[in-house]
Every structure is written in C-alpha cells, then in structure tokens.
Amino acid sequence: MQALANVLVGLVAALHAYILVLEMFLWERKPGRGLHGFEPEMARATAAMAANQGLYNGFLAAGLVWGLVAGDPTGFRAQVFFLVCVIVAGVYGAVTANRRILFAQALPGTLALIAVLVAR
C-alpha cells in the first residue's frame with residue numbers, strides 16, 4: 001500500500017508541476033490559453049496573475065516531493081499537509097472558477113491522501 005501511496009503522491013506532484021509550466025511559461029501560447037479558452041488578448045492581460053498561480057502550484061509540487069523524500073514522521077506529515085492544501089485549493093477553485101477543477105485537482109489529491117493515510 002505504501003508503494004501505491006507514493007505513486008499517487010508523485011502523480012499529484014507531477015500534475016502541479018505541469019500546471020506550473022502551463023501557467024508560468026505557456027499561458028500566452030496555445031496550451032496555456034486552452035486551459036481556460038482565453039483569446040490571446042485575455043491571456044496577455046492575465047499573464048501576471050497566471051504566473052502567480054503557477055508559482056503556488058509549484059510550491060504544492062515541491063512540498064509533495066519533500067514529503068516523498070523526507071523520512072518519517074516529517075515525510076508523512078508533509079504529504080498530509082500538502083495534500084490537504086491541494087484538496088482545499090481544488091474545492092475553492094471548483095466553487096469560484098470552474099467545476100472541472102474539482103475532478104482535475106481535488107479528486108486526485110483526495111485519492112492520494114486516502115492512500116497515504118491507509119498506508120500509515
């Protein structure tokens with residue numbers, strides 16, 4: 001079960017690293033604009049905001065990686081903390097921005113958190 005938990009945490013970390021790249025570096029290009037369906041003008045106008053969001057996603061990814069490489073009890077606690085942050089951000093994003101965020105962010109975080117807690 002520990003291996004499954006580690007894989008799920010790693011996948012959530014990879015997802016947030018991917019979001020970082022989309023929001024910080026590709027926002028004004030087709031992959032980034034496609035994330036929200038923005039026209040080039042809107043993407044240009046919101047690029048600084050998106051980069052800020054991307055940075056936060058990078059912090060989530062870094063925290064999850066830290067949780068994977070740190071020894072227990074720190075690793076376990078870091079995984080739980082950052083997965084809860086992912087879930088809260090996903091729920092908030094689903095309520096305030098787009099319901100898809102619930103399935104793209106909160107659901108994977110929840111599954112990983114369950115696996116981490118069961119593996120404990």
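Any value given below was found using the heavy atoms of this structure, including those in side chains, with hydrogens, waters and symmetry copies removed.
- Across all their heavy atoms, Leu83 and Gly109 have their closest contact at CD2-O, 3.9 Å.
- In this structure, Phe81 CZ and Trp66 CH2 are separated by 9.0 Å, a value rounded to the nearest 0.5 Å.
- Between the Thr74 side chain and the Ala70 main chain, no donor and acceptor come within less than 3.5 Å of each other.
- Atom CD1 of Ile101 sits about 13.5 Å away from atom CG of Leu107, to the nearest 0.5 Å.
- There is no path of hydrophobic side-chain contacts, each under 4.5 Å, that joins Ile114 to Val80.
- Considering every non-hydrogen atom in both Ala5 and Ala119, the closest pair reads CB-CB, 4.1 Å.
- Met42 contributes atom CE, which lies 9.5 Å from atom CD of Glu39 (distance to the nearest 0.5 angstrom).
- Linking Ile, Leu, Val, Met, Phe, Trp and Tyr whenever their side-chain heavy atoms come within less than 4.5 Å leaves Phe59 and Val12 in two separate clusters.
- When side chains are defined from C-beta on, Leu8 does not count as touching Pro108, because their heavy atoms never get closer than 4.5 Å.
- In terms of hydrophobic clustering, with Ile, Leu, Val, Met, Phe, Trp and Tyr side chains grouped at heavy-atom distances under 4.5 Å, Val86 and Tyr92 are assigned to different clusters.
- Between the side chain of Glu28 and the backbone N or O of Ala43, no donor-acceptor pair lies under 3.5 Å.
- Between His16 and Gln105 there is a side-chain heavy-atom pair separated by less than 4.5 Å.
- Between Leu68 and Leu64, every side-chain heavy-atom pair lies at or beyond the 4.5 Å cut-off.
- Here the side chains of Leu22 and Trp27 are not in contact, with every heavy-atom distance at 4.5 Å or above.
- Taking CD1 of Ile87 as the start and CG of Leu102 as the end, the distance is 10.5 Å to the nearest 0.5 Å.
- What you find for Ala13 and Val65 is that their closest heavy atoms are CB-CG2, 4.1 Å.
- Listed here is the closest heavy atom pair of Gly67 and Ala78: CA-CB, 3.8 Å.
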Could you check Val7 against Leu11 for side-chain contact (heavy atoms from CB on, under 4.5 Å), going step by step and ending with a plain yes or no? CA-CA 6 Å; Val7 167; Leu11 288 172; 4.1 Å; yes
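- Val88 and Val91 fall within the same hydrophobic cluster, defined by Ile, Leu, Val, Met, Phe, Trp and Tyr side-chain heavy atoms under 4.5 Å apart, directly or through other members.
- Rounding to the nearest 0.5 Å places CG of Leu20 at 11.5 Å from CG of Leu15.
- To the nearest 0.5 angstrom, His36 atom NE2 is 7.5 Å from Asn98 atom CG.
- Side-chain contact check for Gln53 and Asn57: no donor-acceptor pair (N or O, by modelled atom type) lies under 3.5 Å.
- Under the 4.5 Å side-chain contact rule for hydrophobic residues, Leu111 and Ile19 do not share a cluster.
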Between Phe76 and Arg120, is the side-chain contact (heavy atoms from CB on, under 4.5 Å) condition met? List the steps. CA-CA 8 Å; Phe76 171 76; Arg120 182 73 171 163; 3.5 Å; yes
